[in-house]
A.B. asks: 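The structure is given below, and queries will be raised subsequently.
Everything numeric here is computed off the predicted structure, so don't read it as measured data.
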Amino acid sequence: MSRLALMTESRAETVVEGIYKDMERRIAASSSDVCPVDLTLAFLRMCHAQTCGKCVPCRVGLAQLGNLLEDVLNGRGDDTTLSKIEKLAHVIAESADCAIGFEAAKMVLKGLDGFREDYVSHIEKHHCFAGTPMSIPCVGNCPAGVDIPGYIALVGEGRYADAVKLIRKDNPFPTACALICEHPCETRCRRTLLDAPVNIRGLKRAAVEGAGVVPAPECAESTGKRVAIVGGGPSGLSCAYYLQLMGHQCTVFEAHSKLGGMLIYGIPAYRLPRERLQSDIDCILSTGVEVKLNTKVGEGEYTMEKLREDYDAVYIAIGAHTDKKVGIEGEDAEGVWSAVSFLGGIGDGNIPDLHGKKVCVIGGGNVAMDCTRSAIRCGADSVSIVYRRRKEDMTALPEEVDGAIAEGAIMVDLHAPLKIETDENGKVAALWATPYMPGLIKNGRMNPSPSGLEDKRIPCDVVLVAIGQGIDFYKLESSGIPVVRGVIKGDDWTEVENAPGVFAGGDCVTGPKTAIRAIAAGKVAAANIDYYLGYNHTITTDVEIPDPNLTDRPYCGRINMSEREPGERKNDFELMEIKMTEKESCQEASRCLRCDHFGCGIFKGGRKKQW
């Protein structure tokens, strides 16, 4: 006889725990093209299964809510069903004892607000709303719509040049994206249902490394049309590339001395070596694109009005190259640099000497991590990252944050910059920061608040401000280009409102985003400019995709990219990431489940062979 006993996990509990993990993977791999009403019902049933049964709102209310959603899906709903769902959900949200009940009800209410048209479509037409077509998960999550299963299959067979050709059909920067893309394509990879998503970016790098120089396709017959591209970054060059292939003559006007935009002036060479970026640019220029460097539109000879007179269409892709201020005392002191000027100078080859200096970086995004790791490579004695939220709240990729810390950066999270202290000569002496604590979560993001501890003094000689970028829109606005909240007002199809023949895309429309989104904007703009000019050219490729391997798909670990040792890589700007071996890339390619063949991808329209 004993009063207490140690808790031991039964076999059933072990299996249930495994099922929970399977469910987590399944949720992580869920694509956005599933019926949201059906998905809501599935989550609601799961929540009801979790209830202890003590309170009526949870035990009875969730069941009734599920029945009403089932009526909607099965065609038994009518005009009153939605109001019943809404009222019942509000009652449960306000009266349930625990989070199982009230959070489930809030989920239903969010759905009614976010995709009400789907509910209405089920009630009135007895089918899903047709706004979200089925897609291959990785392709659907790639902003440029690259045929990812296709080039993975080609890499698996060692057909690297064909893989690059297939990538270029939708993205003329295969090398740059192989090294720096944030790979949104991996977020919903169905391989997650088994173990982990396929390393798509790593396989793209295997393709470009193995292919060597792959020439651009032949351009169509000249149309005699001329298009001005304002900005030589990823968006502008992508647009120029595809328009050249369609037969239109493009001229790129670039304010800087080099092409590449933020790929060269915002991303350090240790992530994207200049010669690798140049290989993509050389391919684009080989199509006949004309370039005017050190030419800022809006000043001197080239005004927006003149471009609209001299060219048949204009595409504005000026990026976001202006810095944003923190708004604290002392930020105009000597030694306070913006991320734009710091990384831009390095991009131009002007590497500052930070030996003997202490550096503070303000910000928590990828640009802040680039500043941090670049400062380390410039010889700084110490580099501190000052961020007002927690490390896990940073918008930077986790591997970038971990890499910076491995190289010696000091993380000072939950500290909000308060002021910059200067010495008698007006130079930076220290950054003062207010300690914060985690606070309420609003719109899915934690909002910190002062913790009550004393302000912290962080001695430093340089402060790098990396809290975002803006666009230089004043000259554009005076030329009649509409600007709203600091960005150009453009449509989803990139046409500028009330400016016939003028299109815009990339960071100057969306605000600072990723390279692949800028590339996608350039692709969309090219198609719509072609249509505006009175044509309907198509971009395609003659690459044959291998048939899928029908053997079993055993569970297999993901091969991640390795990097040079922190103690070695932090001393130079050489490429830090190590490519996969041929054996590794073949194994990783074999992990692809070929959703382009199995599932909706095999249907007509599943693979887009041209656009």
A.B. asks: State, with a plain yes or no, whether a side-chain heavy atom of Thr395 is found less than 4.5 Å away from one of Arg445.
C.D. replies: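 They are in side-chain contact.
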A.B. asks: Regarding Glu301 and Lys306, does a basic nitrogen lie under 4.0 Å from an acidic carboxylate oxygen?
C.D. replies: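 Between Lys306 and Glu301 there is no salt bridge, as every charged N stays at least 4.0 Å from the carboxylate O atoms.
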A.B. asks: Could you walk me through whether Asp348 and Lys258 pass the side chain to side chain contact (heavy atoms under 4.5 Å, CB included) test, one step at a time?
C.D. replies: CA-CA 8 Å; Asp348 266 331; Lys258 299 175 184 176; 4.2 Å; yes
A.B. asks: Between Phe342 and Val462, does a side chain to side chain contact (heavy atoms under 4.5 Å, CB included) hold up when you go through it step by step?
C.D. replies: CA-CA 11 Å; Phe342 177 64; Val462 174; over 6 Å; no
A.B. asks: Within this structure, what is the CZ-CG distance for the pair Arg388 and Asn447, rounded to the nearest 0.5 Å?
C.D. replies: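 Arg388 atom CZ to Asn447 atom CG measures 6.5 Å (nearest 0.5 Å).
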A.B. asks: Take Tyr315 and Ser235 through the test side chain to side chain donor-acceptor pair (under 3.5 Å) and record every step on the way to the result.
C.D. replies: CA-CA 10 Å; Tyr315 180 55; Ser235 189; 2.6 Å; yes
A.B. asks: Between Cys592 and Ile152, what is the shortest heavy-atom contact and its length?
C.D. replies: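 It is CB-CG2, 3.8 Å.
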A.B. asks: So does Glu117 get a backbone contact from the side chain of Ser121, meaning a donor-acceptor N/O pair under 3.5 Å?
C.D. replies: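 Not at all, since once roles are kept as given, no pair shorter than 3.5 Å links the two residues.
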A.B. asks: Can a donor-acceptor pair be found, under 3.5 Å and without considering hydrogens, that links the side chain of Asp530 to the backbone of His537?
C.D. replies: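 At least one qualifying donor-acceptor pair exists.
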A.B. asks: Got a donor-acceptor contact below 3.5 angstrom from the Glu331 side chain to the Val326 backbone?
C.D. replies: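 Yes; judged by distance alone, with no hydrogens or angles, the pair exists.
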A.B. asks: Should the pair Glu209-Arg276 be classified as a salt bridge under the 4.0 Å nitrogen-to-oxygen rule?
C.D. replies: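 Looking at Arg276 together with Glu209, the answer is yes, because their closest N to O distance falls below 4.0 Å.
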A.B. asks: Could you state the interatomic distance from OG1 (Thr287) to CG (Asp282), rounded to the nearest 0.5 Å?
C.D. replies: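 The CG atom of Asp282 is 11.5 Å from OG1 of Thr287, to the nearest 0.5 Å.
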A.B. asks: Check whether any side-chain heavy atom of Pro149 lies under 4.5 Å from a side-chain heavy atom of Ile136, and answer yes or no.
C.D. replies: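 When only atoms from C-beta onward are counted, Ile136 and Pro149 do touch, with a gap below 4.5 Å.
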A.B. asks: Do Thr175 and Asp280 pass the side chain to side chain donor-acceptor pair (under 3.5 Å) test, and can you show the C-alpha distance, the side-chain angles, and the key distance before you say yes or no?
C.D. replies: CA-CA 6 Å; Thr175 305; Asp280 283 340; 3.2 Å; yes
A.B. asks: Which residue is it: Thr187, Asn366, Thr514? I am looking for the one with a side chain to side chain donor-acceptor pair (under 3.5 Å) to Glu182.
C.D. replies: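 So the option named by the test is Asn366.
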A.B. asks: Are any side-chain N or O atoms of Tyr242 and backbone N or O atoms of Asp170, one a donor and one an acceptor, separated by less than 3.5 Å?
C.D. replies: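 Confirmed, Tyr242 side chain pairs with Asp170 backbone.
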A.B. asks: Any idea which heavy atoms bring Lys204 and Tyr151 closest together, and the distance?
C.D. replies: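 Taking every non-hydrogen atom into account, CE-OH, 3.2 Å.
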A.B. asks: So how far is it from Ile529 CD1 to Leu243 CG, rounded to the nearest 0.5 Å?
C.D. replies: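 One finds 5.0 Å between CD1 of Ile529 and CG of Leu243.
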A.B. asks: So does Glu275 have more than 12 non-hydrogen atoms from other groups sitting under 6.0 Å from CD?
C.D. replies: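 Correct, the count exceeds 12.
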A.B. asks: So do the side chains of Leu293 and Leu259 get within less than 4.5 Å of each other, counting heavy atoms only?
C.D. replies: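 Yes; the side chains approach each other to less than 4.5 Å.
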A.B. asks: Ile539 pairs by side chain to side chain contact (heavy atoms under 4.5 Å, CB included) with which of Met246, Gln610, Arg168, Lys523?
C.D. replies: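 Running side chain to side chain contact (heavy atoms under 4.5 Å, CB included) over Met246, Gln610, Arg168, Lys523 with Ile539 returns exactly one hit, Met246.
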A.B. asks: Judged by atom type as modelled, is there a donor-acceptor pair below 3.5 Å linking the side chain of Asp118 to the main-chain atoms of Pro36?
C.D. replies: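 Such a contact is absent between Asp118 side chain and Pro36 backbone.
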A.B. asks: Looking only at non-hydrogen atoms, find the nearest pair between Gly266 and Leu343 and report the distance.
C.D. replies: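 Scanning both residues completely, I find the closest heavy atoms to be O-CD1, 3.4 Å.
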A.B. asks: So how far is it from Phe173 CZ to Leu263 CG, rounded to the nearest 0.5 Å?
C.D. replies: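 Interatomic distance, Phe173 CZ to Leu263 CG, rounded to 0.5 Å: 6.0 Å.
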A.B. asks: Assess the residue pair Val214 and Lys165 against the criterion (side chain to side chain contact (heavy atoms under 4.5 Å, CB included)); give the C-alpha distance rounded to whole Å, side-chain angles, the decisive distance to 0.1 Å, and a yes or no.
C.D. replies: CA-CA 7 Å; Val214 180; Lys165 289 179 184 177; 3.8 Å; yes
A.B. asks: Please examine the side chains of Val139 and Val146, heavy atoms only from C-beta on, and report whether any two atoms are closer than 4.5 Å.
C.D. replies: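 Result no, sub-4.5 Å side-chain heavy-atom pair not found.
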A.B. asks: To the nearest 0.5 angstrom, please state how far the SG atom of Cys239 sits from the CD1 atom of Ile284.
C.D. replies: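 CD1 of Ile284 is found 11.0 Å from SG of Cys239.
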A.B. asks: Atom CG in Asp162, atom CG in Leu154: separation rounded to 0.5 Å?
C.D. replies: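 One gets 6.0 Å once the value is rounded to the nearest 0.5 Å.
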A.B. asks: Does any N or O in the side chain of Asp472 come within less than 3.5 Å of the main-chain N or O of Thr322, such that one atom is a donor and the other an acceptor?
C.D. replies: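 No, Asp472 side chain to Thr322 backbone: no donor-acceptor pair under 3.5 Å.
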A.B. asks: Step by step, work out the side chain to side chain donor-acceptor pair (under 3.5 Å) result for Ser338 and Ser341.
C.D. replies: CA-CA 5 Å; Ser338 71; Ser341 62; 3.0 Å; yes
A.B. asks: Kindly indicate whether the side chain of Val487, heavy atoms from C-beta on, has any atom under 4.5 Å from the side chain of Cys508.
C.D. replies: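 Contact flag for Val487/Cys508 side chains = no.
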A.B. asks: Is there a side-chain contact between Arg373 and Glu400 (heavy atoms, below 4.5 Å)?
C.D. replies: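 Of all side-chain heavy-atom pairs linking Glu400 with Arg373, at least one is under 4.5 Å.
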A.B. asks: State whether the number of non-hydrogen atoms from other residues, nucleotides or ligands found under 6.0 Å of Arg517 atom CZ is greater than 12.
C.D. replies: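 Open: at most 12 neighbouring heavy atoms sit under 6.0 Å from CZ of Arg517.
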A.B. asks: On a heavy-atom basis, which atom in Ala527 and which in Trp611 lie closest, and how many Å separate them?
C.D. replies: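 Residues Ala527 and Trp611, closest heavy atoms: CB-CZ3, 3.7 Å.
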A.B. asks: Can you tell me if OH on Tyr535 sees more than 12 non-hydrogen neighbours from other groups inside 6.0 Å?
C.D. replies: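 Atom OH in Tyr535 is crowded, with more than 12 foreign heavy atoms closer than 6.0 Å.
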A.B. asks: So, does Glu186 use its side chain to make a donor-acceptor pair with the main chain of Ile200 at under 3.5 Å?
C.D. replies: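 Answer holds: yes.
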A.B. asks: Using every non-hydrogen atom in the two residues, find where Pro352 and Cys378 come nearest and quote the distance to one decimal.
C.D. replies: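 Shortest heavy-atom separation between Pro352 and Cys378 comes out as O-CB, 3.4 Å.
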A.B. asks: For Arg271, is there an ion pair with Asp370 - N to carboxylate O distance below 4.0 angstrom?
C.D. replies: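 Yes, Asp370 and Arg271 are salt-bridged.
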A.B. asks: I'd like to know if Asp310 and Arg226 make a salt bridge, using a cut-off of under 4.0 Å between side-chain N and carboxylate O.
C.D. replies: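 No salt bridge links Asp310 with Arg226.
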A.B. asks: Taking the side chain as every heavy atom from C-beta outward, state whether Glu290 and Val252 have any pair of such atoms under 4.5 Å apart.
C.D. replies: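 A side-chain contact is absent here, since even the closest heavy-atom pair is not under 4.5 Å.
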A.B. asks: Count the heavy atoms belonging to other residues, nucleotides or ligands that lie under 6.0 Å from CD of Glu221, then report whether that count exceeds 12.
C.D. replies: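 No, the 6.0 Å shell around CD holds no more than 12 heavy atoms from other groups.
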A.B. asks: Tell me whether Asn141 contacts the main-chain N or O of Pro137 through its side chain, where contact means a donor paired with an acceptor under 3.5 Å.
C.D. replies: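 Here the side-chain-to-backbone pair exists.
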A.B. asks: If we only count heavy atoms from C-beta on, is the Tyr270 to Leu575 side-chain gap below 4.5 Å?
C.D. replies: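 Contact flag for Tyr270/Leu575 side chains = no.
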A.B. asks: So which atom in Cys250 and which in Gln244 form the shortest heavy-atom distance, rounded to 0.1 Å?
C.D. replies: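 Answer, listing the atom of Cys250 first, then Gln244: N-OE1, 2.7 Å.
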A.B. asks: Hey, mind stepping through Ile385 and Met369 against side chain to side chain contact (heavy atoms under 4.5 Å, CB included) and telling me if it holds?
C.D. replies: CA-CA 8 Å; Ile385 306 167; Met369 296 308 108; 3.9 Å; yes
A.B. asks: Would you confirm whether Asn528, through its side chain, and Val524, through its main-chain N or O, come within 3.5 Å as a donor-acceptor pair?
C.D. replies: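 Flag set: sc Asn528 to bb Val524 pair under 3.5 Å.
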A.B. asks: Would the distance check show the side chain of Lys489 and the main-chain N or O of Val496 forming a donor-acceptor pair, the cut-off being under 3.5 Å?
C.D. replies: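 Such a contact is absent between Lys489 side chain and Val496 backbone.
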